[in-house]
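Here the structure is laid out as structure tokens; the discussion comes afterwards.
All figures in this text were calculated on a predicted structure; none of them were measured in a lab. Position 1 is the first residue of the sequence; numbering continues from there. Just so you know, ligand 1 is whichever comes first in the structure, and atom 1 is the first atom listed for that ligand.
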Amino acid sequence: MAGLYLHIPFCKQACHYCDFHFSTSLKHKEPLLAALSKELYLRRDELATQTVESIYIGGGTPSLLAGKELATLLTHIDRYYAVSPEAEITLECNPDDLSAQKINDLSALPINRLSIGIQSFNQADLTLMNRAHSAEEATKSLALALRKFDNITIDLIYGIPHMSAQQWQSNLDMAFDFGVPHLSAYALTVEERTALHHFIQKGSLAPLEETRALQHFEMLMEAADKQGLIHYEISNFGKEAYLSKHNTAYWQRKPYMGVGPSAHSFNGHQRSWNIANNSRYIKAIQASVLPRETEILTQKDRFNERIMTGLRTVWGVSLSEIASDFGEQYQKELLKNAQVYMDQHLLLLDETGQLTASNQAKFLIDGIASDLFVLSE
Ligand code: SF4
């Protein structure tokens, strides 16, 4: 069982908060797509014994590609990999790409899930973030997409400067009025080397307020719960049949292969990542060289990752699995370090030995998880 990720590194314009790998020039689009197909071929043996249960075409903005270009990539995948007939196949889309014609084209492909980067239904937020789409396009694209696709997730961002509680509530109401079965919501963060960081540094934008983000997160949890959505990962909420197979596999440490510049891969004991540079990626693949770096995970790395990803999910961390996979000493150490948080009801231990985060702890979970890390083997 494995996942396959394809990175399409092109966008119409740079969102002010984004530090993903992308280019706003489409100059290298043709050779890059050829290189993706070739990388799929070159790495065909890596998943030779696995069935591909999910394909995620992300970026960047993969919805910039024409239906034909996406069809070619999917044909290549089918040629070299054993794709399950039930595979979840997701395409990340931006609202400005989703015309009625485009949605028709996409619905004729094996793609069965759309992830739409709405981010906000409010024009002032979209302008502040330099999104390429308007508020009108956000609602229009979603209405059109829901006519052809049942499995839809949208992304929303909260904690945006000047976003009031009422405005955030109206974003949530809008999403639920549309009946979206899955929602990914992220607090706006300031990454270095982004326009947002620059604006805050020079004082033209006020720094982000953590209290605003926390208030929005609490509203999000309450609204999603009222709608019957499962809060299955810190930033992800879905109806039971719509939890993302692809992302769940990441969190459950199943193997995945990432193809394209900057894409990451994981095979259970090592991680690798491709070069984050389109021209150098294309050149290397043309010469049949895989432009990647690899890191072999130590026991400590694997334990710390297990704690971080586990506590971010509804499934938590299983103490018996910690003992069987890492040894009794790791289990003891974990319990000892977790005690202070259990005493404050921030971490909960149930009778089956699952350690999970309480609602109160969720907003702070990355910090709590890192307090449970082991620092030496
Ligand atoms: S569309 Fe997505 S990948 Fe592209 S700049 Fe905006 S947030 Fe980044």
Note to self: For the residue pair Ser320 / Ser318, report whether a side-chain donor-acceptor contact shorter than 3.5 Å exists.
What the structure shows: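 The answer is yes; a qualifying pair exists.
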Check: Does a donor on one side chain and an acceptor on the other come within less than 3.5 Å for His21 and Asn278?
Finding: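 There is such a pair (donor and acceptor under 3.5 Å, judged by atom type) between the side chains of His21 and Asn278.
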Side chain to side chain donor-acceptor pair (under 3.5 Å) involving Glu39 - partner list, sequence neighbours excluded =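 For Glu39 the side chain to side chain donor-acceptor pair (under 3.5 Å) partners, ignoring immediate neighbours, are Arg43, Asn274, Tyr281.
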- Might you list the protein residues in contact with ligand 1, defined as having a heavy atom under 4.0 Å from one of its atoms, sorted by chain and number?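 Near ligand 1, by chain and number: Cys11, Gln13, Cys15, Tyr17, Cys18, Phe20, Phe22, Gly60, Thr61, Asn94, Arg131.
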### Message
With side chain to side chain donor-acceptor pair (under 3.5 Å) as the rule and sequence neighbours excluded, what pairs involving residues 148-163 come up?
### Response
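Every pair satisfying side chain to side chain donor-acceptor pair (under 3.5 Å) with a residue in residues 148-163: Asn104-Lys148, Asp150-Tyr242, Thr153-His182.
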Practice task
Let me know which of Val317, Asn304, Leu334 forms a side chain to side chain contact (heavy atoms under 4.5 Å, CB included) with Leu372.
Solution key: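 So, applying the side chain to side chain contact (heavy atoms under 4.5 Å, CB included) to Leu372 and each of Val317, Asn304, Leu334, only Leu334 qualifies.
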- Message: Going by the rule salt bridge (Lys or Arg N to Asp or Glu O under 4.0 Å), which residues pair with Glu30 if we only count those two or more places apart in sequence or in a different chain?
- Response: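 Result, salt bridge (Lys or Arg N to Asp or Glu O under 4.0 Å) vs Glu30: none returned.
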